[in-house]
Amino acid sequence: MSTLESFKSLSRAMFLGFRRDRGALFFTVLFPLMFLVIFGGVFGHQSTSKVKVLEIGNVPILDQAMAHGSGELGKTMKLSKASDKHGALHKVTKGDADAAVEQVGNQLVVHYSAADQVKSGTVQGLMNSIVQGANQAATGKPPAYHVAAQQVEDDSLKAIQFFTPSLLGWALASAGVFGASQTLVTWRTKGILRRLQLSPAPIPTVFAARVAVSLAVALVQFALFVAVAQLPFFGLKLGHYWWMAIPMVLSGVLAFLAIGMVIGAWAKTQETAQAVTQLVVLPMAFLGGSFFPLDASPTWMRTIAYVFPLRYLNTGMLNVMGRGLGPMSALPQMGILLGFAVVGGLVAMRLFRWDSA
């Protein structure tokens, strides 16, 4: 039997075995899809939250801006009165408000917290715009130049745009790491690896067939996630270069399979492999940005997230699927994921054992 025929036979046998395993089918495909339905149904139509600003005492500049442009400012800013400066600053420190604003003479003082750089930057940009408008009104002369703002997204990044690639990334990571680690340990403990070593089929062909089945299942997961998220109830709108998510998915699966192979090559029992896999997958899901955007996370959490390949997969898919960025935006993430795959594969080869002894 030729190598190609062996590859086809092994791939078909492994795929049929996966399809007949109802537990694996449920936790690989249907279970993550349930999360998309739940998250998409509850949060799918929400958009980016408004910034919360506290007005300390009387701030005429801000009051005039809200009176003349309350419609536009109200879409991005929620303004509340605060008579006590100390209490207002305490709320900003705790994160209950994004900024506190007071007026001292002709100066608009903005108090913000560096813990959330995204919200503080938004507030400062709004206040700068308000002050510029007030300065122009004070001179009595129309400005020489005007800004015509044209929004590139519908309103803002809808929640379904975030949840579709992020939950898909979590599903791929779970399936890849769990599948590879459990398969390798099971084959070793049951003596299947020894029998494969003595079989006519080359060992690289056996592992190539396992990888091919994992990639095929990942593409099915991708198609199901996108199809469900695009239903009118959820309203996913794909960017022009959404197709770039396909090579992103394949690169991510290779990285996760490599991590699973490292765990499977090191662990001696299924219990050990399962425990270590949980210790890897769960932190990676939370720190990789699968359940909440990392932009609102503390700096230390965003820094640690760079260690996990899931962060790069989620970011790359979000860029091309939700944010509408071009193919070049996904190339750095793909390169890093393939780097994880190569390094993980080399480590797994170094730790590999044919039996449990």
Side-chain angles (χ1 to χ4, degrees), residues 32 35-36 39 43 48-49 92-95 98 112-122 157 159 161-181 245 248-249 251-267 272-323 325 329-348 351:
F35 272 77
L36 176 65
F39 278 77
F43 305 107
T48 307
S49 59
V92 175
T93 303
K94 292 196 325 180
D98 299 312
Y112 65 93
S113 172
D116 192 341
Q117 298 180 3
V118 175
K119 290 290 183 67
S120 62
T122 302
L157 187 64
Q161 309 290 119
F162 166 79
F163 281 126
T164 302
S166 63
L167 290 178
L168 173 60
W170 165 65
L172 296 173
S174 300
V177 179
F178 271 102
S181 62
M248 283 290 309
V249 165
S251 301
V253 171
L254 292 176
F256 301 134
L257 286 176
I259 295 175
M261 293 290 287
V262 171
I263 297 173
W266 172 81
T272 302
Q274 188 172 6
V276 175
T277 302
Q278 290 280 12
L279 290 175
V280 172
V281 172
L282 289 180
M284 183 165 60
F286 283 97
L287 296 177
S290 286
F291 300 110
F292 53 85
L294 291 174
D295 293 340
S297 304
T299 303
W300 65 267
M301 185 178 292
R302 295 197 300 270
T303 302
I304 295 177
Y306 284 101
V307 178
F308 299 101
L310 184 54
R311 183 195 193 283
Y312 302 98
L313 177 61
N314 287 342
T315 301
M317 288 197 298
L318 181 61
N319 285 342
V320 296
M321 293 175 64
R323 291 175 174 150
L325 301 183
S329 66
L331 294 182
Q333 285 81 13
M334 287 179 56
I336 294 173
L337 289 171
L338 293 175
F340 270 101
V342 172
V343 173
L346 293 175
V347 174
L351 298 176

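Because the structure is predicted, anything quoted here is derived from the model rather than measured.
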Heavy-atom closest contact (S329 atom, V320 atom, distance) = OG-CG1, 3.9 Å
Mind checking whether Q333 and L313 have side chains closer than 4.5 Å, heavy atoms only?
-> no
Taking the side chain as every heavy atom from C-beta outward, state whether M284 and P309 have any atom pair closer than 4.5 Å.
-> yes
pair T272-W266: side-chain heavy atoms closer than 4.5 Å = yes
Once you round to the nearest 0.5 Å, how far does CD1 of I259 lie from CG of L254?
-> 11.5 Å
Polar side-chain atom of Y312 near backbone of Y306 as donor-acceptor pair, under 3.5 Å | yes
Mind listing the closest non-hydrogen atom pair of A330 and G316 along with its distance?
-> CB-O, 4.5 Å
Might you point out which heavy atoms bring F340 and A255 nearest each other, and give the distance in Å?
-> CB-CB, 3.9 Å
To the nearest 0.5 Å, atom CG of N319 lies from atom CG of N314 at 10.5 Å
CG-CG distance between L168 and L318, expressed to the nearest 0.5 angstrom | 12.0 Å
Could you go through the side chain to side chain contact (heavy atoms under 4.5 Å, CB included) check for L337 and M248 one step at a time?
-> CA-CA 8 Å; L337 289 171; M248 283 290 309; 4.0 Å; yes
Locate the shortest heavy-atom distance separating A180 from L257; write the atom from each residue and the value.
-> CB-O, 3.6 Å
d(I304 CD1, L287 CG) to nearest 0.5 Å is 6.5 Å
Over all heavy atoms of both residues, which pair between M317 and P165 is shortest? Give the atoms and the distance, please.
-> CE-O, 3.0 Å
Would you confirm whether T164, through its side chain, and Q161, through its main-chain N or O, come within 3.5 Å as a donor-acceptor pair?
-> no
What is the minimum heavy-atom distance between L310 and W170, and which atoms define it?
-> CD1-N, 4.0 Å
Rounded to the nearest 0.5 Å, how far apart are OG of S181 and CZ of F256?
-> 13.5 Å
